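Input: a single structure, listed below in structure tokens.
Bear in mind that the values here come from a model prediction, so they are computed numbers and not experimental data. First the proteins, then the strands, lettered A, B, ... as listed; each starts at 1.
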Number of protein chains: 2
Amino acid sequence: MTTEELLKYRKDTPGSIQRIHLNNAGASLMPKPVLEAVRAHLSLENQIGGYEAAAMQKQQLDAFYTELGKLLHCPAKNIAHATSSTDAYNRALSSIPFEKGDVILTTFDDYASNQIAFLYLQKRFQAKIVYCSLSANGGMSLEDLESKLKKCQPKLLAVTHVPTSSGLIQDVEGAGRLVKDMDTWYLVDACQSAGQMPLDVTKIGCDFLTATFRKFMRGPRGVGFLYASDRVLDENLEPIFPDLHGATWTSDEGYTLKPDATRFELWERSWALVAGAREATAYANKIGLDKIRSRVNYLAEKLRGLLAEVPQVRLLDEGGQKAGIVTMAIEKEISPEKLIADLRAKRINASINYLPYARFDLQRKHTEWALRFSPHYYNTEAELENAVRGLSENS
Amino acid sequence: MTTEELLKYRKDTPGSIQRIHLNNAGASLMPKPVLEAVRAHLSLENQIGGYEAAAMQKQQLDAFYTELGKLLHCPAKNIAHATSSTDAYNRALSSIPFEKGDVILTTFDDYASNQIAFLYLQKRFQAKIVYCSLSANGGMSLEDLESKLKKCQPKLLAVTHVPTSSGLIQDVEGAGRLVKDMDTWYLVDACQSAGQMPLDVTKIGCDFLTATFRKFMRGPRGVGFLYASDRVLDENLEPIFPDLHGATWTSDEGYTLKPDATRFELWERSWALVAGAREATAYANKIGLDKIRSRVNYLAEKLRGLLAEVPQVRLLDEGGQKAGIVTMAIEKEISPEKLIADLRAKRINASINYLPYARFDLQRKHTEWALRFSPHYYNTEAELENAVRGLSENS
């Protein structure tokens with residue numbers, strides 16, 4: 001990324017003047033074209049009506065699907081709108097025809113809401129949850145995964161690509177190769193990876209992939225997406241409660257599902273947020289995900305280097321390849337709420353992972369909470385230095 | 001409603017200058033304070049970050065619950081955010097512990113997406129769907145309802161308060177009295193009634209009530225709400241896949257649900273839309289729902305009177321009490337798409353109900369589609385006259 005490019009991206013990000021925003025894994029700052037697209041659609045709705053605006057803008061709004069197709073390297077027909085990654089995840093999960101005793105194979109680092117969903121399935125369908133062991137570098141062990149896939153023949157393999165609570169990147173392509181010829185459904189939560197690194201659903205070989213826009217995608221809050229594979233569509237998987245958009249009430253006694261991934265959608269949505277999400281995807285596609293990944297990796301490594309010098313900071317990130325999420329335990333008597341407030345007072349945005357957000361991971365790392373800095377490509381080295389200075393004055 | 005008041009409400013509604021908006025049952029026009037609240041929150045997010053903006057505005061955003069409590073005459077703790085009425089409905093429906101063979105008692109006029117959900121439950125849990133017969137005036141017969149409640153002992157009674165496809169108002173309070181001492185769960189879809197008439201959940205006696213903001217509530221698109229009764233909370237009903245907001249991951253093997261209705265929510269949402277929804281509710285509460293109901297009723301009756309004079313218009317509305325939804329068959333060779341386009345060219349916003357949106361109702365009324373005009377309180381008599389003139393030139 002050239003200095004000229006960086007300056008342009010920062011100019012598109014007015015919030016970057018006011019704050020050192022290292023909470024991109026929470027919600028990033030929207031680039032100008034994203035906010036403008038949201039505003040423009042809201043204004044149009046206000047002038048001519050909500051349904052009338054959606055009808056007039058149909059073609060531009062449909063680019064939501066084609067831009068996401070470019071991002072994920074798949075046809076638009078495999079993409080569905082959702083209101084968040086969790087919403088997308090739940091719709092996907094609800095379509096898997098679980099029967100009593102089915103096995104869910106997952107990792108110790110999968111997202112807390114996903115873990116709660118598995119526990120719900122355990123309670124409701126007596127599903128059995130099996131966890132893949134960790135490899136020496138902290139990620140899931142592909143060796144153990146292979147052995148458990150064979151032994152348990154799981155109905156579902158669920159892997160969170162980049163956990164919310166650690167810098168880890170799980171080898172989702174490696175897992176995909178292992179599950180390729182099995183009946184197992186393969187669900188990837190890409191909530192924290194989408195927008196910060198290239199994603200190719202064919203290379204991953206997943207049946208479902210879910211993500212949100214507000215994080216590294218730099219879109220608005222309240223919108224997400226679901227990728228559903230051809231296998232999902234061909235085998236006619238159906239989410240719980242399709243509505244009159246995902247299905248058509250064709251007779252008094254029945255309905256037919258949409259042939260494409262929009263069967264997973266509900267009819268109503270904020271088209272203003274869809275417009276923003278489309279712009280965010282186009283913005284990322286235009287920069288290029290390889291370039292973004294390289295810059296994020298550079299900044300995250302730089303940040304880890306700076307933090308390693310701070311007494312009372314214990315870095316927690318593991319994994320051979322690491323993401324733009326930098327986590328640390330603070331070995332000092334301070335409440336996480338006070339720490340965040342102190343940082344905010346210095347105009348440094350960061351966030352906290354508490355135990356119930358990442359039980360297995362944080363327990364293993366012997367901490368009740370972790371501070372998280374998550375830089376994105378528009379951050380600068382100077383911002384990282386200032387943030388680390390701000391933290392070390394504090395700790 | 002005085003002329004002065006009307007002028008103020010129209011001044012708050014810039015779209016009313018550009019269009020004769022008779023599609024309030026689709027999506028109404030947002031009053032200025034609503035759009036401004038959405039815009040202001042988006043700007044704040046852009047300046048300081050999405051999580052940081054939500055934290056800063058927490059108290060103002062919590063008024064979403066208290067304003068809705070005022071609207072529905074219930075405590076804030078019984079309210080949950082949703083992304084649409086269908087989303088709220090699905091979350092509620094998923095919490096009812098259906099077992100094989102359970103009966104769902106509903107009406108021929110319940111919303112299409114709800115009907116599809118019941119058919120899904122029929123397929124998945126062999127639920128049995130039973131329909132309440134019509135009374136002489138077109139609404140559900142309370143006599144038949146009483147007899148079927150006794151005979152079928154349904155697990156669920158589901159009633160759409162105001163159907164999307166007809167001017168009918170169902171007697172949800174009457175149904176509530178009948179179901180009061182039964183084990184049956186009572187779910188009311190108030191998607192088309194919220195914002196156009198008073199709603200009192202205690203008088204209705206329902207366990208769940210769902211609605212959206214974009215229709216008569218005059219809020220933004222992409223946001224809705226769910227009311228859950230104390231009985232729902234006390235009996236610990238649980239939606240499918242609660243997330244880390246609705247539940248807390250308290251141990252490696254389990255989680256606990258939130259004590260209040262927010263157990264039905266997902267964590268992520270557009271707080272900008274929540275801010276708009278709060279303003280919309282406050283705006284309606286300030287005018288007063290009795291006053292709104294009276295004005296909407298006056299305009300809808302006036303409109304029916306004008307339409308009765310138009311050849312080739314066959315009015316379809318039934319019911320003793322009628323809502324602000326005016327539906328008609330057009331007895332002429334014209335496609336519904338062309339009719340809507342012709343009306344839009346005359347700056348008249350209306351919408352169409354097709355057969356798959358209201359199978360039972362439209363089949364009974366011997367039409368494949370119906371034109372719908374849905375006035376709100378800010379519309380004027382002159383607009384109604386112009387719209388009817390526009391239609392009669394066309395038909």
Side-chain angles (χ1 to χ4, degrees), chain A residues 14-15 18-19 21 23 26-27 29-30 35 38-39 42 45-52 83-87 90 93-94 112-113 115-117 119-120 212 214 220-222 240-244 247-250 252-255 266-273 344 349 351 356-357 359-360, chain B residues 14-15 18-19 21 23 26-27 29-30 35 38-39 42 45-52 83-87 90 93-94 112-113 115-117 119-120 212 214 220-222 240-244 247-250 252-255 266-273 344 349 351 356-357 359-360:
Chain A
Q18 305 202 26
R19 301 272 179 137
H21 190 70
N23 195 10
L29 297 167
M30 290 176 273
L35 184 61
V38 178
R39 278 185 179 148
L42 285 167
E45 289 184 330
N46 211 44
Q47 283 157 32
I48 70 167
Y51 284 29
E52 294 73 16
T83 56
S84 67
S85 190
T86 301
D87 176 46
N90 290 353
L93 203 55
S94 77
S113 291
Q115 304 278 9
I116 294 172
L119 291 168
Y120 174 92
T212 195
R214 76 181 183 278
R221 297 195 68 168
I240 190 168
F241 306 143
D243 77 349
L244 56 62
T248 306
W249 191 19
T250 41
D252 294 359
E253 297 87 25
Y255 58 88
L266 295 182
W267 189 84
E268 170 58 3
R269 70 200 67 176
S270 163
W271 290 104
L273 298 184
R344 275 193 196 157
N349 291 346
S351 66
Y357 300 179
R359 293 193 69 79
F360 296 126
Chain B
Q18 305 203 27
R19 302 273 180 135
H21 191 70
N23 195 10
L29 298 167
M30 291 176 271
L35 185 61
V38 179
R39 278 184 178 151
L42 285 168
E45 288 185 328
N46 211 45
Q47 284 158 33
I48 69 166
Y51 283 30
E52 294 73 16
T83 56
S84 68
S85 191
T86 300
D87 175 48
N90 289 353
L93 203 55
S94 77
S113 290
Q115 303 278 9
I116 294 172
L119 291 168
Y120 174 92
T212 196
R214 76 181 182 278
R221 297 195 69 169
I240 190 169
F241 306 143
D243 78 349
L244 55 63
T248 306
W249 191 20
T250 40
D252 295 357
E253 296 85 27
Y255 57 87
L266 295 182
W267 189 83
E268 171 57 6
R269 69 201 67 176
S270 163
W271 290 104
L273 298 184
R344 275 193 197 157
N349 290 347
S351 66
Y357 302 178
R359 293 194 69 80
F360 296 126

Looking only at A/Arg359, A/His21, A/Glu268, the option with the highest number of non-hydrogen pairs under 4.5 Å against chain B is A/Arg359
Residue, of A/Ala272, A/Ser85, A/Ala117, A/Ser351, that accumulates the most heavy atom pairs under 4.5 Å with chain B: A/Ala117
Tell me, out of B/Thr212, B/Leu29, B/Ile240, who's got the most heavy-atom pairs with chain A below 4.5 Å. B/Ile240
Could you tell me which of B/Thr83, B/Asp252, B/Asp87, B/Leu266 has the largest number of non-hydrogen atom pairs under 4.5 Å with chain A? B/Asp252
Identify which part of [X] has an atom lying under 4.5 Å from any heavy atom of chain A, answering side chain, backbone, both or neither.
X	result
B/Gln115	side chain
B/Thr250	backbone
B/Leu273	side chain
B/Pro220	neither
B/Leu119	both
B/Arg269	backbone

Result for side chain to side chain donor-acceptor pair (under 3.5 Å) between B/Asn349 and one of B/Arg19, B/Arg344, B/Gln18 points to B/Arg19
Using every non-hydrogen atom in the two residues, find where B/Pro242 and B/Tyr255 come nearest and quote the distance to one decimal. CG-CE1, 4.0 Å
Is [X] reaching over with its side chain to a backbone N or O of [Y], donor-acceptor style, under 3.5 angstrom?
X	Y	answer
B/Gln47	A/Gly15	no
A/Arg214	B/Gly50	no
B/Tyr51	A/Gly26	yes

Heavy-atom side-chain contact between B/Trp267 and A/Ser113 under 4.5 Å: no
Validation row: B/Pro356, A/Leu244 side chains within 4.5 angstrom (heavy atoms): no
Proximal component of A/Leu35, with respect to chain B [non-hydrogen, under 4.5 Å]: side chain
B/Asp243 CG to A/Ser84 OG distance, which is reported to the nearest 0.5 Å: 7.5 Å
